[in-house]
Amino acid sequence: EVQLVESGGGLVQTGGSLRLSCTASGFTFDGYNIGWFRQAPGKEREGVSCISRSDGLTYSTYYGDSVKGRLTISSDNAKNAVYLQMDSLKPEDTGVYYCAVDRWRPCNSASAKYPENYNFWGPGTQVTVSS
């Protein structure tokens, strides 16, 4: 059984920080594209970041323009987890954050924009940034 679970969401003030976690069971993250998406009320799901590993030990990452420089994605293969460190948060960062897995495509600027290509999704975790 494949299961993804997000955690770490919460309520913070503008300029605050949160660290989101995505853990997997019945599945191994290593070798796959792990993406973070968010969805604000009344808006479409937006690609935030993604990470994938090449055949070596290097990683490819992507950040959406709206979060570049403020968010950092990382992975811990031993824990089968992916993290999203969010700093300098803004009210527009508010939304439900989801992690997802694309088994077939690497992380890049194109793949991160198409959530329909991701095969597995977690239930999401709420992030609220007060103004």
Side-chain angles (χ1 to χ4, degrees):
E1 180 181 356
V2 176
Q3 184 177 0
L4 303 176
V5 179
E6 304 94 340
S7 63
L11 194 157
V12 297
Q13 299 180 46
T14 297
S17 298
L18 287 172
R19 190 192 190 208
L20 306 184
S21 299
C22 175
T23 58
S25 61
F27 192 86
T28 301
F29 274 155
D30 191 28
Y32 296 103
N33 172 11
I34 313 301
W36 282 100
F37 296 82
R38 68 186 181 189
Q39 189 164 21
K43 297 183 179 180
E44 295 184 351
R45 192 162 298 186
E46 173 190 14
V48 175
S49 182
C50 62
I51 185 170
S52 66
R53 189 175 68 87
S54 67
D55 291 337
L57 296 178
T58 58
Y59 289 84
S60 296
T61 59
Y62 162 84
Y63 298 97
D65 291 339
S66 64
V67 303
K68 195 171 299 181
R70 300 186 297 112
L71 274 62
T72 304
I73 191 169
S74 62
S75 64
D76 187 335
N77 291 333
K79 297 181 179 179
N80 208 28
V82 171
Y83 308 98
L84 187 67
Q85 178 67 43
M86 305 191 297
D87 300 314
S88 302
L89 287 167
K90 305 174 181 179
E92 50 263 44
D93 294 318
T94 294
V96 178
Y97 283 69
Y98 304 89
C99 68
V101 176
D102 183 345
R103 298 166 60 190
W104 308 112
R105 283 159 285 271
C107 170
N108 55 52
S109 60
S111 63
K113 298 177 182 178
Y114 298 99
E116 61 267 27
N117 290 328
Y118 287 76
N119 309 111
F120 305 105
W121 293 81
T125 184
Q126 177 70 44
V127 171
T128 303
V129 185
S130 61
S131 60

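- In this structure, Asn33 CG and Asp102 CG are separated by 5.0 Å, a value rounded to the nearest 0.5 Å.
- Here ring-ring contact (aromatic ring centres under 6.0 Å, His included) pairs that include residues 99-131, with residues two or more places apart or in two chains, are Phe27-Phe120, Phe37-Tyr118, Phe37-Trp121.
- Rounded to the nearest 0.5 angstrom, Leu18 CG and Gln85 CD are separated by 8.5 Å.
- Counting heavy atoms from C-beta outward, Leu89 and Thr14 have side chains that stay 4.5 Å or more apart.
- Here Arg19 pairs with nothing under the side-chain hydrogen bond (donor to acceptor under 3.5 Å, both in side chains) rule; sequence neighbours left out.
- Residues Pro115 and Tyr98 have side chains not in contact (no heavy-atom distance under 4.5 Å, counting atoms from C-beta outward).
- The cluster map of Ile, Leu, Val, Met, Phe, Trp and Tyr, joined by side-chain heavy atoms under 4.5 Å apart, puts Met86 and Tyr62 in different clusters.
- The minimum heavy-atom distance linking Ala112 with Cys50 is given by the pair CB-SG, 3.7 Å.
- Counting only heavy atoms from C-beta outward, the side chains of Leu71 and Leu84 approach each other to under 4.5 Å.
- From Leu4, atom CG reaches atom CG of Asn119 across 10.5 Å, with rounding to the nearest 0.5 Å.
- Using a 4.5 Å heavy-atom cutoff, the side chains of Thr28 and Asn80 are in contact.
- Between the side chain of Tyr63 and the main chain of Arg70, no donor-acceptor pair closer than 3.5 Å is present.
- Arg38 and Ser66 share a donor-acceptor pair across their side chains, judged by distance under 3.5 Å alone.
- Taking each heavy atom of Pro123 and Val5 in turn, the nearest pair found is CD-CA, 4.3 Å.
- Residues Tyr83 and Trp36 are members of separate hydrophobic clusters, defined by side-chain heavy-atom contacts under 4.5 angstrom among Ile, Leu, Val, Met, Phe, Trp and Tyr.
- For Asp93 (side chain) and Lys90 (main-chain N/O), a donor-acceptor pair under 3.5 Å exists by modelled atom type.
- The line from CD1 of Ile34 to CZ of Arg53 is 11.5 Å long, rounded to the nearest 0.5 Å.
- Summarising the geometry, atom OH belonging to Tyr97 is positioned 14.5 Å from atom SG belonging to Cys22; distances are rounded to the nearest 0.5 Å.
- Side-chain contact between Ser52 and Pro106 is present, with at least one heavy-atom pair separated by less than 4.5 Å.
- The backbone N or O of Cys99 lies less than 3.5 Å from a partner atom in the side chain of Glu6, making a donor-acceptor pair.
- Residue Gln13 qualifies as open at atom CD: its count of foreign heavy atoms under 6.0 Å is 12 or below.
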Please report, to 0.1 Å, the donor-acceptor pairs under 3.5 Å made by any side chain of residues 124-131, with sequence neighbours excluded.
unit_1: Thr125; atom_1: OG1; unit_2: Gly9; atom_2: N; d: 3.2
unit_1: Gln126; atom_1: NE2; unit_2: Thr128; atom_2: OG1; d: 3.3
unit_1: Ser130; atom_1: OG; unit_2: Val12; atom_2: O; d: 3.4

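- A single hydrophobic cluster is seen to contain both Val67 and Ile51, as judged by linkage of ILVMFWY side chains at heavy-atom distances under 4.5 Å, directly or through other members.
- The minimum heavy-atom distance linking Ala40 with Thr94 is given by the pair CB-O, 3.6 Å.
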